[in-house]
Amino acid sequence: MPTPTLAFISRCLISATCLVLPLLSQIDNLQAAKRPNILLIVADDLGYSDLGCFGGEIETPQLDSLAAEGVRLTQFYNTGRCCPSRGSIMTGQYPHRVGLGHMTRNLNQRGYQGHIADEAITIAQILKQGGYRTFLSGKWHLGTEDPTKHGFEEFYGTLVSAKTFWDVDHFTRLPATRDTHTYPRGEFYGTDALGDYAIDFMRMGRQNPEQPWFLYLAFNAPHFPLHAPKEEIHKYADRYHIGWDQIREQRLARMKKLGIVPPETKLSPRSRYWDWGEAEARVNPAWDSLPTDRRGDLARRMAIFAAMVDRLDQNVGRVLTSLRQNNELENTLIIFTSDNGACFEWDPFGFDIRSSRNNTLYWGDQIERMGGPDTHHSVGSGWANASNTPWRLYKHYNHEGGIASPGIVHWPAQLKQSGKIISTPAHIIDIVPTLLEAAEVEYPQTWNNQPTIPLAGRSLLPLLKGEPQPERTLYFEHQGNRAIREGRWKMSAVRGEPWELYDVSRDRTELNDLSAQQPERVQQLSKKWNRWAQENFVLPFPQDYRIDYLAPLKPLEAQ
């Protein structure tokens with residue numbers, strides 16, 4: 001047989017290329033036309049500046065990579081507390097509208113039923129009806145006992161707020177007949193388990209390749225109790241001895257360099273805090289004013305918190321690896337955020353054993369036991385203030401420290417603006433309409449033969465693609481703390497105190513109260529807030545929240 005000539009081989013290669021390239025083009029077109037998988041990741045009590053891509057010193061390379069390849073939302077708002085935010089994330093409604101204005105205790109008012117309203121419809125239910133597989137690995141905490149009755153095929157996680165990260169029995173698998181992972185004694189860690197089941201659920205989703213999947217990965221980290229593997233804690237053991245004052249300054253400098261905040265942003269003073277059951281506020285102390293043993297205890301608390309965030313990021317990385325290995329990353333819409341700002345409860349020193357006024361000072365050899373099984377700590381208001389750099393206040397409140405979340409969106413198949421930072425205000429009520437638009441699923445007009453509640457938010461996809469957006473008004477309330485944001489103006493108020501007015505285009509740290517200079521604007525915005533509050537079952541405020549940590553106070557009905 002004659003040896004093929006070079007010209008012959010070249011002709012064959014050209015012919016093969018001519019056949020293969022159109023085929024590859026068709027495959028690309030099919031992939032582009034295929035509805036995306038959806039991965040919604042929510043952290044619990046993560047502060048605004050905790051991630052590296054938002055200025056933090058904690059090592060979060062996986063989330064940083066999503067930000068570098070995707071879009072960061074620097075004015076992405078939550079509701080200020082976990083249950084209300086999760087209600088909004090699941091329904092696209094303001095939380096009071098679906099019965100979750102407070103927590104899971106029924107206060108016998110429509111906006112404060114303590115569980116997701118019977119007439120509410122979740123994003124899982126809508127996507128499931130639209131042909132999606134639906135999974136939840138993580139925290140539910142919407143006042144009902146079975147997420148599989150709210151649209152999720154499979155569930156693993158906590159039904160309430162976390163009590164421990166070390167006890168496998170604290171976590172639930174539903175339906176109850178499903179197989180569960182078996183963990184060797186001493187090797188269970190809650191955040192890792194959520195990663196395990198997230199990967200399992202994605203594997204289940206691939207069993208039906210004609211169907212896209214929706215995975216809600218709702219970490220309960222870094223919510224207290226402060227629990228983390230020792231190897232992670234030791235990574236940060238020496239990092240926080242410089243204290244919260246220097247950490248805040250360093251974070252703000254990095255935030256300016258990254259473009260997260262404008263160069264002229266001023267650091268807010270150390271925030272006020274309200275101790276358990278107290279009506280009068282105090283102010284977080286200067287780090288250098290604290291005794292040496294107290295600083296050692298507090299530095300270790302923040303090291304454990306950082307370790308929890310680090311481990312969360314590692315599990316995000318495991319999920320991303322699974323997506324890459326299965327060629328799914330390109331056409332998976334990923335949204336990451338936090339349910340509220342960092343948690344101050346209840347003073348600069350944190351609490352121990354349970355949520356209360358109880359605090360134990362750890363020192364010497366006791367430090368090494370912190371964060372392990374049979375321990376229970378919180379981080380306290382001083383470090384929470386640092387986590388929310390540069391904003392005022394924290395979780396529970398409607399100043400920026402309570403309601404500003406880090407927001408990351410990643411979807412290479414549709415969003416080609418790698419590393420873009422968007423400062424247009426948005427809100428977690430926008431997540432549901434965003435997912436529906438991406439999934440090409442219509443929001444139902446009726447559900448169970450009843451009209452559905454119109455969505456409160458709007459899709460973020462036009463904003464993410466660079467289309468101009470009309471100005472909007474956003475509303476907030478939790479435990480009498482309240483806010484309204486309209487364009488450059490924001491009014492904020494602490495429970496029992498009058499409205500403050502800020503021009504957040506120049507003063508997002510809420511330092512220069514303009515309410516006395518602009519009473520007409522205050523009146524105009526307060527009328528809007530009152531109207532929204534009436535329409536969404538916020539008012540009347542509960543006379544009794546049935547909790548010990550709030551001091552008795554005659555609530556303000558309106559201002």
Side-chain angles (χ1 to χ4, degrees), residues 46-51 53-56 67 71-80 247-272 284 337-338 340-342 344 384-408 420-428 430 460 463 469 471-478 481-494 497 499-518 521-522 525 528-529:
L46 183 80
Y48 183 84
S49 64
D50 281 327
L51 302 182
C53 55
F54 274 77
V71 175
R72 270 168 289 182
L73 301 170
T74 60
Q75 298 199 45
F76 194 45
Y77 286 110
N78 58 68
T79 72
I247 289 291
R248 293 182 75 216
E249 292 173 358
Q250 292 174 1
R251 286 193 179 192
L252 180 56
R254 283 192 295 269
M255 295 170 84
K256 292 177 179 180
K257 187 175 181 179
L258 290 169
I260 301 299
V261 296
E264 64 275 13
T265 300
K266 295 180 180 179
L267 187 64
S268 62
R270 287 185 293 273
S271 276
R272 295 187 292 169
N284 287 316
T337 192
S338 177
N340 43 247
F344 82 103
N385 196 186
S387 284
N388 295 331
T389 300
W391 318 129
R392 291 172 55 193
L393 298 182
Y394 344 75
K395 171 183 175 180
H396 291 249
Y397 301 97
N398 291 171
H399 287 68
E400 295 291 287
I403 60 174
S405 292
I408 302 172
K420 185 173 183 180
I421 292 176
I422 294 177
S423 59
T424 303
H427 193 288
I428 55 174
D430 300 331
L460 296 172
L463 171 65
Q469 298 297 297
E471 191 175 274
R472 64 193 299 199
T473 308
L474 299 171
Y475 302 90
F476 309 84
E477 190 280 335
H478 184 69
N481 306 301
R482 56 210 186 278
I484 178 172
R485 171 76 192 267
E486 186 172 81
R488 64 190 284 192
W489 299 103
K490 182 186 175 196
M491 289 207 314
S492 311
V494 169
E497 297 182 8
W499 284 114
E500 305 159 5
L501 176 68
Y502 301 100
D503 179 352
V504 288
S505 67
R506 302 175 181 221
D507 179 27
R508 196 176 165 205
T509 41
E510 299 171 288
L511 300 178
N512 184 24
D513 180 8
L514 303 174
S515 59
Q517 291 98 305
Q518 300 200 38
R521 190 178 301 279
V522 171
L525 291 174
K528 285 191 173 185
W529 187 91

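Here, residue 1 is the first one in the sequence, and each next residue gets the next number. The model shown is predicted, which means the values in this text are computed figures rather than measured ones.
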Which pair of non-hydrogen atoms, one from L460 and one from A426, has the smallest distance, and what is that distance?
CD2-CB, 3.6 Å
Table please: side-chain donor-acceptor pairs of residues 253-262 below 3.5 Å, with sequence neighbours left out.
| from | atom 1 | to | atom 2 | distance (Å) |
| --- | --- | --- | --- | --- |
| R254 | NE | G55 | O | 2.8 |
| R254 | NH2 | G55 | O | 3.2 |
| R254 | NH2 | E57 | OE1 | 3.4 |
| K256 | NZ | P263 | O | 3.3 |
| K256 | NZ | T265 | O | 3.0 |

So how far is it from I247 CD1 to L252 CG, rounded to the nearest 0.5 Å?
13.0 Å
Quick check: do L46 and L51 have side-chain heavy atoms less than 4.5 Å from each other?
yes
Any non-hydrogen side-chain atom of H427 less than 4.5 Å from a side-chain atom of I403?
no
Between R508 and W391, does a side-chain contact (heavy atoms from CB on, under 4.5 Å) hold up when you go through it step by step?
CA-CA 8 Å; R508 196 176 165 205; W391 318 129; 3.5 Å; yes
Stepwise, does the side chain to side chain donor-acceptor pair (under 3.5 Å) test hold for S387 with D50?
CA-CA 6 Å; S387 284; D50 281 327; 2.9 Å; yes
Indicate the atoms forming the closest heavy-atom contact of G341 with K395, along with that distance.
O-CB, 3.4 Å
Do F344 and N388 come close enough that some side-chain heavy atom pair is under 4.5 Å?
no
Test item: Q469 and I422 side chains (from C-beta on) under 4.5 Å apart, heavy atoms
no
Within the structure provided, determine whether R392 and Y397 are in side-chain contact (heavy-atom separation under 4.5 Å).
no
Residues L511 and L267: closest non-hydrogen pair is CD1-O, 4.4 Å
Only counting residues at least two apart or in another chain, list the ones meeting side chain to side chain contact (heavy atoms under 4.5 Å, CB included) with N385.
R248, R270, S271, N284, Y394
From CA spacing to verdict: side-chain contact (heavy atoms from CB on, under 4.5 Å), I408, C53
CA-CA 10 Å; I408 302 172; C53 55; 3.9 Å; yes
Side-chain contact test, heavy atoms from C-beta onward, threshold under 4.5 Å: evaluate it for N481 versus L393 and give yes or no.
no
Is any side-chain heavy atom of T74 closer than 4.5 Å to one of Y48?
yes
Pairwise side-chain contact, Q75 with R485, heavy-atom cut-off 4.5 Å (strictly under)
yes
Can you name the ring pair (Phe, Tyr, Trp, His ring centres under 6.0 Å) partners of Y77, sequence neighbours left out?
F476
Looking at CG of N512 and CD of Q517, how far apart are the two atoms once the value is rounded to the nearest 0.5 Å?
6.5 Å
Quick one: list whatever passes side chain to side chain contact (heavy atoms under 4.5 Å, CB included) with A493, sequence neighbours left out.
R482, W499
Return the CG to CE distance between D513 and M491, rounded to the nearest 0.5 Å.
10.5 Å
Would you please test W489 and V504 for side-chain contact (heavy atoms from CB on, under 4.5 Å) and show each step?
CA-CA 6 Å; W489 299 103; V504 288; over 6 Å; no
Between CG on residue N398 and NZ on residue K490, distance to nearest 0.5 Å:
7.0 Å
Report the residues that fulfil side chain to side chain contact (heavy atoms under 4.5 Å, CB included) with S505, sequence neighbours left out, ordered by chain and then residue number.
R488, D503
I'd like to check the ring pair (Phe, Tyr, Trp, His ring centres under 6.0 Å) partners of Y502; sequence neighbours left out, ordered by chain and number.
none
